[in-house]
There are 4 protein chains.
Amino acid sequence: MDNSYGTLFRIELFGASHAPEVGVIVSGCPAGLEVSAQDFKEDMARRRPGGELATPRKESDEVETREGVEGGKTTGKQIRLAIKNTDVRSKDYDEFKLTPRPGHADYTALKKYGPEADLRGGGIFSGRMTAPIVAAGVIAKKILAKEKITVRAKLIQVGKTKTKMKEEIEKARSEGDSVGGLVECVAEGLPAGIGEPFFDSVESVLSHVVFSIPGVKGVEFGSGFKCVEMKGSEHNDAFVVEGGKVKTRTNNAGGVLGGITDGMPLLFRVAFKPTSSIATVQDTVDLENLKSAKLEIKGRHDPCIALRAVPVVEAAAACALADLFLQARKVLE
Amino acid sequence: MDNSYGTLFRIELFGASHAPEVGVIVSGCPAGLEVSAQDFKEDMARRRPGGELATPRKESDEVETREGVEGGKTTGKQIRLAIKNTDVRSKDYDEFKLTPRPGHADYTALKKYGPEADLRGGGIFSGRMTAPIVAAGVIAKKILAKEKITVRAKLIQVGKTKTKMKEEIEKARSEGDSVGGLVECVAEGLPAGIGEPFFDSVESVLSHVVFSIPGVKGVEFGSGFKCVEMKGSEHNDAFVVEGGKVKTRTNNAGGVLGGITDGMPLLFRVAFKPTSSIATVQDTVDLENLKSAKLEIKGRHDPCIALRAVPVVEAAAACALADLFLQARKVLE
Amino acid sequence: MDNSYGTLFRIELFGASHAPEVGVIVSGCPAGLEVSAQDFKEDMARRRPGGELATPRKESDEVETREGVEGGKTTGKQIRLAIKNTDVRSKDYDEFKLTPRPGHADYTALKKYGPEADLRGGGIFSGRMTAPIVAAGVIAKKILAKEKITVRAKLIQVGKTKTKMKEEIEKARSEGDSVGGLVECVAEGLPAGIGEPFFDSVESVLSHVVFSIPGVKGVEFGSGFKCVEMKGSEHNDAFVVEGGKVKTRTNNAGGVLGGITDGMPLLFRVAFKPTSSIATVQDTVDLENLKSAKLEIKGRHDPCIALRAVPVVEAAAACALADLFLQARKVLE
Amino acid sequence: MDNSYGTLFRIELFGASHAPEVGVIVSGCPAGLEVSAQDFKEDMARRRPGGELATPRKESDEVETREGVEGGKTTGKQIRLAIKNTDVRSKDYDEFKLTPRPGHADYTALKKYGPEADLRGGGIFSGRMTAPIVAAGVIAKKILAKEKITVRAKLIQVGKTKTKMKEEIEKARSEGDSVGGLVECVAEGLPAGIGEPFFDSVESVLSHVVFSIPGVKGVEFGSGFKCVEMKGSEHNDAFVVEGGKVKTRTNNAGGVLGGITDGMPLLFRVAFKPTSSIATVQDTVDLENLKSAKLEIKGRHDPCIALRAVPVVEAAAACALADLFLQARKVLE
């Protein structure tokens, strides 16, 4: 079911990048949570071009609450959030039906939806659809905050660089190229016991929503792919008592054992590919004549999608965890 | 919804490792597919202790078809497959309620299900539950085979070794230790156009089921985590015409663009942690007195779960792809 | 999952009667169906106050297609339809928090959502939410029309009257009262073989969505409640050959045997209670002081909701049948 | 999703009437509920041929708990219940592929599953599949009982008779015929506030599962179909204060307003058609030669399925209410 996600806390995206707006319907949020327009501003700003360092432009990516919040509080009913598209690109995407862009969904959309497929702004595949995910995440984080659970993502690597990442991004831009990035996300304060065995393990539910974010090529928890080279005696996280609480000495598990949270910080990393739209002339095919062709993509593009994806990963994780938390409460109490 | 997975092709696991049997109910398989007891033997053998090289023991892991196959053909109704547990361990798991095993779900099961949680054989968290997944995968692969789609997984790395992997496993065993492993899975013959945007992207649906397999710490598609260090000009797969067909020169995408298959081989890799049960004495806690404790796990254990997980990854992928394929047909035709 | 319904053809309602708009997101509609603004006009007019006989007021209940239709054709992606609320009532609903209206959801909404529940226009319980169902039904009927399947509902009884029903309605209105009604719905052209055993029988899926329509107290198929008084020898529909086709002589089954369509017209009836809002002073309670109170409901109200519910029943049935049809195709072909 | 039902409390049926067993997997039951073999006996006995008055035969319809109950208590994991088929009929159902039985699913099964459809014992359409529903209902009723909620169904009419119903049934039997029946079900103790608007109204969720029971032709709540002939002034249930509690003077609503429980007894009725298998020779068609044919059904059959359906309706309602109750708790508290 393409555009919806979740069981008790559920989101359904709507809109498109070339339409007047994008948005999300959030179902299952309990009544009485305080929500204001201000609450969305910070996360939406982190996702905007330029990210956190950029000057906040008041007029753009403002989240309008259509229903579900009255007198500053959630009503317990569906919440509908909408974000206007102020920068609707009038560009002609028709050439991409003939000569599909490498790394984009032009070719697969044509295969799925036929020759009349709408490729403008990437359609539903567009990164623009991550804006309502960020908005939904604000609601999800409020549910979690009531339980003192926090979720925070950050960019930890760009190309081969783990320190001067902005410079690496600028370098890619100046070369008319793009570069990949690694995002790490940590949720703290989760009680032990969240997650459903077997198919709704914490990892299953989280990876499902995170792999929906455009550009993600890998997801790993705790030790992640490094575990392949490890011995059991190294990898096992020994249980210890600390301050009267059960913890683990290390956190190779990433906070999940048997699909269920163990009370340690939940930790995962997400690999983002380099932006597919680059300034360089690229090889593609002329689909009509089935022969080689060249393609040059115009316009400005983020040289590193991972940078703007940080709040998206965080929001997606918050939505998944709010859902698992609400599912778990019936058992926990 | 813990133990079930899928939309049109759906599986629900049942049983437990310490019960008389484990099994799976498969819903949504079309009528008329030929299925025999023999069909299950090869994949079940690959999952058994020792794996493909071991002497096939006729008596064990035989898949019984309870309903849904009549006269050697699927009836179009639910198929129920059961596998007897011949090796029901009578071992006492009660000690793990007091001193939980590092890396296992003992502690999280206690937190989720309370002090009467059943930890025997790992309960529902047990690797034994992967046997019915392999059985369901046999049915899924038959659906795919009709469309000339194949799915094949293999072990490609153990510890730091990519060649003499069995030796590496034997070495870990001889040291009373265990070692991680990397499994690669490839699906060939998938038409372009399979997968649903946004939240039911091919990667979302596949990672969901693969992360359900015990011991998985990471999943990556195509270039995977390597994409972080790549430039867009390297990572973009140029479209080319080959033999009158549209292909891509490289396959960093792993066969998926915008969440939808592009007709290239679907390729993903799965990182398995080293087996948590090791012969070494480990640090844990005494949950009753909240103090440090030592634990020694008895019995024989696979030193590398990745080895036996190969057919499980393959089966899980087949189930996910059969489901996406059945969903896509309504649009494709 | 409150506001969404369906598996392959899925609808999710949004908006509220007192908000600027109501609408529906339709997922799973195949690409290439022709849809124009004109297509919605007839059904929307049937649902408006006054119904089919009323002067069509161009300006009201116009269905706007936000996404999912390009160049007059469905794109295969989500379709979003919105209908402006031109008659947003500014009336104060706060009194109903103190003295709930009999027959309305005021009291239950307070119990479910707490003292800050939003009762304006009945909130999500409002009959206004049936407008987007009618709009979604137009899309569903187009899918069915491609297969020469038609769905048509009509009012067959008001009070005790089966002929001069409008007079009966006017009579109730003139008395400051309201009256119940019976709606019959027939789907013709459905092939035999649609419907899923066991829990997704045609009757299960249809009754589910029909009982969501405000005011429905009963749903019956074919012989319906009359079957209680019948003998098997009367009730069984004998199979006959007519024009080279298998039919049944009678249709007590209502077109469904064992939860699956038998190729005869699918026939069901829906009982609608009399409108709860009446001009008479009614007994209620003062919830604050827990004592008896009197309530007089102001404003104009339809004296017979069944009249306007006719296209809603038809649309709901069309949505359910389109979903079952898409699910069945995978098996039928 | 044919054989499964529910969101948080979920059941999946397995087995077939001609197979060694039938059963159900129950997911979502909280840990710690006491369950014994004895608990199932009464309800299973009510469903057996002869019903409550019959001599309890110890050996038949015994419910075996395969997993999910340990030491007499639910574990919080999946519960698997199985019931052996001691009376597997060896009868030849092949003739029904040529000459389908009126009122049965022979013809529709052939249309759905093709010429190799398995019609034995009605296959999945069989009344035998209601045995595991009764077993699942025992678990559901335990969840409800903890909250002092009871569910009870009874037979209230057979043919035109509301008093000497057994005689009416015997009369039909002696005539080689069958007769319809009406079952009424009441749930008491439900708090106000259960049920989800819009599509998961109490009536929607209940009618969905009740219409899955073989032979049901109608479902009505409260006033039911009588509401058609009523005025609003008669139908509206006035709120009153009784013993310090808010109640309604009448219960035409059947305990549900706006899809949500109002605290009054939940009340609905279910119409069951007369048994389709009757001793009389019936008209059918020869499907091969497309011409008229006669059919005589051998064997003994219940002359009134409504009688044995009483505990099935009760169990189905309990499953639906347990699910809605678990969903509602997240909001209520």
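Protein chains get the first letters and strands the later ones, always in sequence-line order, with residue 1 at the start of each.
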Inset, instruction - Would you mind checking which part of N252(B) comes under 4.5 Å of any heavy atom in chain A, side chain (CB onward), backbone (N, CA, C, O), both or neither? - result: backbone

Legend entry - chain B contact via P303(A) - which portion, at a heavy-atom distance below 4.5 Å: neither

Legend entry - Side chain, backbone, both or neither of F221(A) within contact of chain B (heavy atoms, under 4.5 Å): both

Legend entry - Heavy-atom contact with chain B under 4.5 Å, split by part of K291(A): backbone

Legend entry - Contacting moiety of I278(A), where chain B heavy atoms sit under 4.5 Å: side chain

Inset, instruction - Quick one: pull up NZ in K112(B) and CD in E196(A) and give me the separation to the nearest 0.5 Å. - result: 4.0 Å

Legend entry - chain A contact via I156(B) - side chain, backbone, both or neither, heavy atoms under 4.5 Å: neither

Legend entry - Region of Q282(A) in contact with chain B, defined by heavy-atom distances below 4.5 Å: side chain

Legend entry - Interface moiety of V158(B) toward chain A, non-hydrogen atoms closer than 4.5 Å: backbone

Inset, instruction - Please determine which of S207(B), S204(B), S201(B) meets the side-chain hydrogen bond (donor to acceptor under 3.5 Å, both in side chains) test together with S212(A). - result: S204(B)

Legend entry - Which atoms of D177(B) approach chain A - backbone, side chain, both or neither, heavy atom under 4.5 Å: side chain

Inset, instruction - Pick one of side chain, backbone, both or neither for K171(A), based on which atoms fall under 4.5 Å of a heavy atom in chain B. - result: side chain

Legend entry - Under 4.5 Å from any heavy atom of chain A - which part of E175(B): side chain

Inset, instruction - Side-chain contact test, heavy atoms from C-beta onward, threshold under 4.5 Å: evaluate it for D106(A) versus F239(B) and give yes or no. - result: no

Legend entry - Region of L287(A) that comes under 4.5 Å of a non-hydrogen atom in chain B: side chain

Legend entry - Part of I305(A) within contact of chain B (heavy atom distance under 4.5 Å): neither

Inset, instruction - Taking the side chain as every heavy atom from C-beta outward, state whether R249(B) and D283(A) have any pair of such atoms under 4.5 Å apart. - result: yes

Inset, instruction - Select, from P100(A), G103(A), A238(A), S178(A), the one with the greatest count of heavy-atom pairs under 4.5 Å involving chain B. - result: S178(A)

Inset, instruction - Would you mind checking which part of T248(A) comes under 4.5 Å of any heavy atom in chain B, side chain (CB onward), backbone (N, CA, C, O), both or neither? - result: neither

Legend entry - Segment of T275(A) engaging chain B (4.5 angstrom heavy-atom cut-off): backbone

Inset, instruction - Determine the interplanar angle of the F199(A) and Y5(B) rings, folded into 0 to 90°, and report it as parallel if under 30°, tilted if 30 to 60°, perpendicular if over 60°. - result: tilted

Inset, instruction - Select one option (side chain, backbone, both, neither) describing which atoms of T161(B) are under 4.5 Å from chain A's heavy atoms. - result: neither

